[in-house]
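A quick write-up on the structure given underneath.
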Amino acid sequence: MRSVDELMRRKALYKDLELNLSRIARKLGVPARRISNAINRIHGISVSQYVNNYRVEEACRLLSATDEAITQIAFEAGFLTKSNFNREFLRVTGQSPSSWREEQRVPEPSRGGIEPTARFLKSYSI
């Protein structure tokens, strides 16, 4: 499972718009069923949700670091459609992308200087 995580993080494989279980399996040289079972067993989610978690994490980073349009950020993070991006963003963060971005811009003394991506990771571990 570590090799899947490394592939996602180091190679940013989640940005591949045509990424699917078969592609992940080919890149790792591991049977697709084994990867799917491991992700489900360890994380309790599907492969597509697993990939989309990385995409949402990247979107959070971009939303907090840039003023790019939300639709552009969705595509840069690897989402094919805005509707899927909005649905998955809400699933992972509990907020819409625009609400999440706005919240990041409001200074809160209780945040203690933690960067937005670090807050994301603390609240939802991939």
Side-chain angles (χ1 to χ4, degrees):
M1 192 57 216
R2 230 180 269 168
S3 56
V4 177
D5 292 334
E6 288 173 16
L7 189 63
M8 291 300 219
R9 287 211 188 278
R10 278 201 247 148
K11 304 245 181 196
L13 193 62
Y14 56 85
K15 289 185 178 184
D16 179 350
L17 297 176
E18 297 181 20
L19 185 64
N20 59 30
L21 178 57
S22 297
R23 275 194 173 184
I24 296 169
R26 273 196 307 274
K27 293 249 184 213
L28 291 173
V30 176
R33 183 178 205 91
R34 186 168 158 204
I35 293 170
S36 179
N37 287 341
I39 289 171
N40 189 271
R41 188 180 67 253
I42 293 167
H43 298 288
I45 56 177
S46 69
V47 172
S48 63
Q49 288 175 320
Y50 173 80
V51 171
N52 285 336
N53 288 349
Y54 279 98
R55 290 174 173 163
V56 169
E57 180 182 353
E58 175 67 3
C60 286
R61 188 186 69 74
L62 293 170
L63 285 166
S64 65
T66 72
D67 287 326
E68 278 187 78
I70 291 174
T71 302
Q72 183 61 37
I73 287 173
F75 297 138
E76 285 180 36
F79 287 95
L80 280 171
T81 66
K82 187 176 177 184
S83 62
N84 189 41
F85 169 65
N86 287 329
R87 183 176 50 254
E88 288 299 301
F89 197 95
L90 181 63
R91 178 185 64 81
V92 174
T93 68
Q95 295 180 283
S96 70
S98 56
S99 295
W100 192 92
R101 177 183 254 174
E102 188 61 33
E103 184 180 282
Q104 303 315 301
R105 294 181 179 182
V106 175
E108 272 187 40
S110 65
R111 288 194 175 154
I114 299 173
E115 291 189 30
T117 302
R119 280 194 303 279
F120 169 81
L121 291 173
K122 282 180 82 176
S123 66
Y124 189 89
S125 179
I126 293 180

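Index from 1, following the sequence.
Note that the OG atom of Ser96 and the CG atom of Leu90 stand 7.5 Å from one another [nearest 0.5 Å]. Within the model, atoms OG of Ser22 and NZ of Lys27 stand 13.0 Å from one another, a figure rounded to the nearest 0.5 Å. Distance check, rounded to the nearest 0.5 Å: CG of Asp67 to CG of Leu62 gives 11.5 Å. Note that the CD atom of Glu18 and the CG atom of Leu80 stand 8.0 Å from one another [nearest 0.5 Å]. If you take CD1 on Ile73 and OG on Ser64, they are separated by 8.5 Å, rounding to the nearest 0.5 Å. To the nearest 0.5 Å, the span separating CD on Glu6 from NZ on Lys11 amounts to 11.0 Å.
Contact between Met8 and Ile24 at its shortest, heavy atoms only, is CE-CD1, 4.3 Å. In terms of heavy-atom proximity, Lys82 sits nearest to Thr71 at CD-OG1, 3.5 Å. Here the shortest heavy-atom pairing between Asn53 and Arg91 reads OD1-NH2, 2.8 Å. Summarising the geometry of Asp5 relative to His43, their closest heavy-atom pair is OD1-NE2, 4.4 Å, with the distance given to 0.1 Å. Nearest heavy atoms, Glu103 versus Gln95: OE1-NE2, 3.2 Å.
Note on ring orientation: taking the six-membered ring where Trp is involved, the planes of Tyr14 and Tyr54 are parallel (angle under 30°, cut-offs 30° and 60°).
Side-chain atoms of Asn52 and Arg55 include a donor-acceptor pair closer than 3.5 Å.
Gln72 places no side-chain N or O within 3.5 Å of a backbone atom of Ala69 that could act as its donor or acceptor partner. Distance alone, capped at 3.5 Å, is enough to place a donor-acceptor pair between the Thr93 side chain and the Phe89 backbone.
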Which is it for Glu57 and Arg9 under the salt bridge (Lys or Arg N to Asp or Glu O under 4.0 Å) test, yes or no, and what are the steps along the way? CA-CA 11 Å; Glu57 180 182 353; Arg9 287 211 188 278; 3.4 Å; yes
Start with the C-alpha gap between Thr66 and Arg101, add the side-chain angles, then the distance that decides, and say whether side-chain contact (heavy atoms from CB on, under 4.5 Å) holds. CA-CA 10 Å; Thr66 72; Arg101 177 183 254 174; 3.9 Å; yes
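Legend: residues meeting side-chain hydrogen bond (donor to acceptor under 3.5 Å, both in side chains) with Arg23, ordered by chain and number and at least two apart, are Asp16. With sequence neighbours left out, Phe79 forms a ring-ring contact (aromatic ring centres under 6.0 Å, His included) with Phe85.
The same ILVMFWY cluster, assembled from side-chain heavy atoms under 4.5 Å apart, contains both Ile45 and Leu7. Val56 and Phe75 fall into different hydrophobic clusters, defined by Ile, Leu, Val, Met, Phe, Trp and Tyr side-chain heavy atoms under 4.5 Å apart, directly or through other members.
Other residues, nucleotides and ligands place no more than 12 heavy atoms under 6.0 Å from the CZ atom of Arg34.
Taking a cutoff of 4.0 Å between a charged side-chain nitrogen and a carboxylate oxygen, Arg61 and Glu58 qualify as a salt bridge.
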